[in-house]
4 protein chains.
Amino acid sequence: MTRASNTDLRRAQITAALRRVMARNGYDRASISDIAAEAGLTQGLVHYHFKSKLEILVAVLLDLAASQDRDLDQLLAASPDNPAAQLAAIIDLHLATGRTADPDALACWVTLSAEAIRTEEIRLVYQSVTSSLVHRLVSVIQAGVKQKVFRTATPDAAAAAIAASIQGYFVLAATNRAAIPRGSASSCVRSMVAGLLHLQRPLPTRRLRR
Amino acid sequence: MTRASNTDLRRAQITAALRRVMARNGYDRASISDIAAEAGLTQGLVHYHFKSKLEILVAVLLDLAASQDRDLDQLLAASPDNPAAQLAAIIDLHLATGRTADPDALACWVTLSAEAIRTEEIRLVYQSVTSSLVHRLVSVIQAGVKQKVFRTATPDAAAAAIAASIQGYFVLAATNRAAIPRGSASSCVRSMVAGLLHLQRPLPTRRLRR
Amino acid sequence: MTRASNTDLRRAQITAALRRVMARNGYDRASISDIAAEAGLTQGLVHYHFKSKLEILVAVLLDLAASQDRDLDQLLAASPDNPAAQLAAIIDLHLATGRTADPDALACWVTLSAEAIRTEEIRLVYQSVTSSLVHRLVSVIQAGVKQKVFRTATPDAAAAAIAASIQGYFVLAATNRAAIPRGSASSCVRSMVAGLLHLQRPLPTRRLRR
Amino acid sequence: MTRASNTDLRRAQITAALRRVMARNGYDRASISDIAAEAGLTQGLVHYHFKSKLEILVAVLLDLAASQDRDLDQLLAASPDNPAAQLAAIIDLHLATGRTADPDALACWVTLSAEAIRTEEIRLVYQSVTSSLVHRLVSVIQAGVKQKVFRTATPDAAAAAIAASIQGYFVLAATNRAAIPRGSASSCVRSMVAGLLHLQRPLPTRRLRR
DNA sequence: GATGAATGAGCATTCATTCAT
DNA sequence: GATGAATGAATGCTCATTCAT
């Protein structure tokens, strides 16, 4: 009959707050007191739930990683044995209109990328996120090659290229939105994939559920 | 009577120092005293030549902008009336081995991208750099379309896609180098461009000088 | 659960410390670290209780304002319907021996005057202090005129003149004490007021309590 | 045949510049580079002509002292053997409309008063200025007493009171101009002097040249 | 769990002064 | 005389972190 712990709720409030503050100000300029204010908590409480500021950032990143893995799992399971549809779905997951439209998420991700460069702990988690995407792309591509719908001698390189294109759109969208014709990201990546994997037919287009 | 000015030298020393320190620690954690030490100068002197820390960052970015424009100008002039060669040269300029191999330059650029998100002054210059690349790509693509070597209804979107791929490789190389098979970036982007612009023949490969 | 606040105590310690340091060194040369040391606190704590150095100065001034208003209220209430006694009391409040004898208070006030010239926020509070004195003088003078113990066509001007004389003694006492024969301030202002308000009899002398 | 020294000109430029900058920002916030810019000179040159910042302030004060002495000499000589006229002239010199109307001069003087409190070197010169005024007032008052146009047992105290009133108007005018009815300063001090020195007739009014 | 006071190191920036040219 | 680069100490302020309550 001890009082129910609200630790999970608090941690979620705090990571969400960091995401928002970081989108506005970056990680270094996101002070604990900013984060606390954004979460509607006090400074001391933030440190009660997280040992350090860096730990909050790690938690944010782990959330994103889990969320991406969940999404990819679901999406691959939706079109089993259909590499083309799976590939299209992965692209849409990241670039379909509405995705890249959330400036906070974009800003947060680009900020994390920059942070990954200098903080070992962040880099490792960040790499697990990008590697996870790349590995799944490799599997899909290999399956497609086996089915002769894709043709490439270097699935690793192709997967990296697709991941890079997605990342690149994130950066461009976050920093110079006007340079990207509205709605062009997803379809351009499909065309690029067609060249990359020597497709005979374009990747299928599916309706996005929201 | 008057004393010879060494401002240009000093400013160059200081911006170079910021580039190095920023590659290691990011902009916020690049303290003026770090920069001064890296440049072999005193803190006070840094502020004598730059009004503020932000001004140093702007100077770094303006240098990169000027350097990119110079390179692009030279490169486009080298293959007049040959859009395919020009396009290949632009890709190689950014992605040929040796380019993406300089981790400091990559880290510096990714850091600037993140900074562009939150600092108006940086964003404007940063956008001028990316827009400059995009605009040149648009011109080259339009020329290629006119010559019927490229086919696309949306040169703007295609140019953005190419620029995004390049940016994406920068981020990936800076954060998760192992995910990119060595030397694959440039050739993969060529394949992607082939799909994007419906090329009949692959983009030409040229020997890199330098 | 919550923790008792000692903010009021700390703020009082800090404003008192600024008063002392400022009397010695002026406002600009009263560094936060001086103030903290004088208050027996750490620098960080000073900024925990005051957002900025200016805010401490404002607090000092508001204290003086409240204190003057309290004194004037009490003093006017002590001699209701007796403008001559009230006027004498106001003069004594500011100039009786013992008042002008506290060099720290004088120095602090003169410093505030100078600061009022250049800092909007200080000027506004400072003006409210002087205006408060002037307005009370105007009321007293008008009452005296009505009772025919004073005669003047311009109570505003007379009030300003009295306030100016008081201020002037403050400055002179703070900067050139030797120029003022000991104990002469109060009685000279009484004589001047007699001329200013065409008194038939001199202002009453009362025993100072305290 | 050496090049004519322009030291005097330069020193005058610099002290004038300090006066203006100080009126705006106070002494501590008047940086050498502000002063240099205001004077249209370079920072180095300022230090060529003055060993230190304090020395410039001393020079400003010595200028004011010399100027006041010159004015007082001239004015006393204009009405020999007429203490009432001399006294009126002294009051007008400081308070006649147009005098207190120069906000820069007022601000500068009040700033000097505050500075005199804490800097020995300034205090000494400042005191010589106020004492010089007081001594002349004492002489005039004594002459008037001898001629039976004034009556007071304490010429020193009376002189201090007059000087204080003048100083007080300076402070009030600099900090709370609105509290002083336009043009009232000079006439109110005359009335006060009438009370202070038991005049039978008001002090003479003279037409101001200029 | 929660609060908010307290700490102390670190930061960008200012500035009087010196000095080589 | 004059310039402007250079210095180094000082300043107000921020902030992650600790801790008593």
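Scope of the values below: all heavy atoms of this structure, side chains included, with no hydrogens, waters or symmetry mates.
Within the 4.0 Å cut-off from OP1 or OP2 of E:dA16, not a single side-chain nitrogen or oxygen of D:S52 is found. Considering only side-chain N and O atoms, C:N6 lies nowhere under 4.0 angstrom from the phosphate OP1 or OP2 of E:dG4. Distances shown here put every side-chain N or O of C:H47 at or beyond 4.0 Å from the OP1 or OP2 atom of F:dC15.
Rounding to whole angstrom units, CG of residue A:L57 and P of F:dA16 are separated by 13 Å. Straight-line distance from the CZ atom of D:F50 to the P atom of E:dT18: 16 Å, rounded to whole Å. Remark: C1' of E:dC11 and CG of B:L54 are 15 Å apart, rounded to the nearest angstrom. In this entry the distance linking NE2 of D:H49 with P of E:dT17 reads 16 Å, nearest Å. In this entry the distance linking NZ of D:K53 with C1' of E:dT18 reads 17 Å, nearest Å. Following rounding to the nearest Å, A:R11 (CZ) and E:dG1 (C1') show an atom-to-atom distance of 15 Å.
Side chain of B:R118 to backbone of A:A23: a donor-acceptor contact under 3.5 angstrom is found. Counting only distance, with no hydrogens or angles, the side chain of B:T111 and the backbone of B:A107 share a donor-acceptor pair below 3.5 Å. At distances below 3.5 Å, not a single donor-acceptor pair connects side-chain atoms of A:E121 with backbone N or O atoms of A:V58. Distance alone, capped at 3.5 Å, is enough to place a donor-acceptor pair between the A:R11 side chain and the A:H49 backbone.
Within residues 25-46 of chain C, the residues having any heavy atom under 4.0 Å from DNA chain E are, by residue number, C:T42, C:G44, C:L45.
Residue C:Y48 places its side chain closer to E:dA6 than to any other of E:dA6, E:dA16, E:dA12.
Distance check, rounded to the nearest 0.5 Å: CD1 of C:I56 to CE of C:M22 gives 10.5 Å. A distance of 11.0 Å separates OG1 in D:T119 from CG in D:L61, rounded to the nearest 0.5 Å. Taking CD1 from B:I35 and NE2 from B:H47, the interatomic distance works out to 9.0 Å, rounded to the nearest 0.5 Å. In this structure, the separation between CD on A:Q43 and OG on A:S33 is 5.0 Å, given to the nearest 0.5 Å.
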Original post:
Are D:R19 and D:E38 close enough, and set up right, to give a salt bridge (charged side-chain N to carboxylate O under 4.0 Å, His left out), and what steps lead you there?
Top reply: CA-CA 10 Å; D:R19 277 209 257 213; D:E38 180 77 30; over 6 Å; no
Original post:
Given the rule that a pair is Watson-Crick or G-U wobble with both distances under 3.5 Å, how would you write DNA chain E in dot-bracket, using | for pairs to a different strand?
Top reply: .||||||||||||||||||||
